[in-house]
Amino acid sequence: DVATSAWYYDGVVYAYQNKLFNGTSETTFSPTGTMTRGQMAAVLYRMAGSPDVELTEKFTDVAPDSFCARAVAWAVEQGITNGTTATTFSPSAPIQRQQFAVFLYKYALAAGYDVSVGEDTNILSYTDAGSIGEYAVPAMQWACGAGVASGIDGKLMPTSPAPRYQVAEFLANFCQKVVPATSAGTSKAA
């Protein structure tokens, strides 16, 4: 279900070949399907090598036996996320583009990657720059300036759900442009 002519084809292939995340079945990727917050935490956790982590009961909506329980605990431990409230993570909620940028930016910071490229990027040329949450502005500037993310038709669409093909494309860009060359081609990108 991913045409070789799709502009995001290379990003999906990169994500799949480097085991950043799988398809939705043996033969489908569901490129326009939405990535959830729990899935995004799991992807970053795998990229970090799935390190040992102590499970926490911080979030009432993340069961200890959930597919993303360890990933969420790790993401909180690494400072990648605090959740959507003090007691919820909203693992089944679609991840917004600005939330995805924040997760990835904080992942890069936790891994010690250079995030100075793009910190001063002017994103005001995007017509919807004013709708970016204050918490996400530095991450969106970095993502655009570092070539990780881009707008569509002059818009960043910060509160729109991030489809799987965009997540694949942005992760491929991240691994190829931000992650040091010695680890960019592996599933343990950090």
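On a predicted model such as this, the values are computed, not experimentally measured, just so you know.
Within a 6.0 Å sphere centred on CD of Glu77, other residues, nucleotides and ligands contribute more than 12 heavy atoms. The number of heavy atoms from other shown groups lying within 6.0 Å of CG (Asp1) is above 12.
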Give the C-alpha distance, both sets of side-chain angles, the deciding distance and a yes or no for side chain to side chain contact (heavy atoms under 4.5 Å, CB included) between Arg97 and Ile152.
CA-CA 12 Å; Arg97 286 171 50 101; Ile152 300 171; 4.3 Å; yes
Worked verdict on Trp142 versus Thr121 for side chain to side chain contact (heavy atoms under 4.5 Å, CB included)
CA-CA 7 Å; Trp142 165 78; Thr121 299; over 6 Å; no
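When all heavy atoms are compared, the tightest approach of Val167 to Met35 is CG1-CE, 3.6 Å. Residues Trp74 and Ala41 share a closest heavy-atom pair of CZ3-O, 4.5 Å.
How far CE of Met140 is from CD1 of Ile132: 4.5 Å, rounded to the nearest 0.5 Å. Separating the CD atom in Gln166 from the CG atom in Leu171 is a distance of 11.5 Å, to the nearest 0.5 Å. Within the model, atoms CZ of Phe103 and CD1 of Ile95 stand 4.5 Å from one another, a figure rounded to the nearest 0.5 Å.
Under the ring pair (Phe, Tyr, Trp, His ring centres under 6.0 Å) criterion, Tyr126 pairs with no residue, sequence neighbours left out. In this structure Tyr165 satisfies the ring pair (Phe, Tyr, Trp, His ring centres under 6.0 Å) test together with Trp7, Tyr8, sequence neighbours excluded.
Because its NZ or CZ atom is both nearer than 6.0 Å to the ring centre of Phe29 and within 45° of the ring axis, Arg164 counts as a cation-pi partner of that residue. Seen from the ring of Phe89, Arg37 counts as a face-on cation partner, given the 6.0 Å and 45° thresholds.
In this structure, the side chain of Thr60 engages the main chain of Thr87 through a donor-acceptor pair within 3.5 Å. Looking only at distances, no side-chain donor or acceptor of Asn18 sits under 3.5 Å from a matching main-chain atom of Leu20. Counting only distance, with no hydrogens or angles, the side chain of Thr36 and the backbone of Pro91 share a donor-acceptor pair below 3.5 Å.
Aromatic ring centres of Phe100 and Tyr107 lie farther apart than the 6.0 Å criterion allows.
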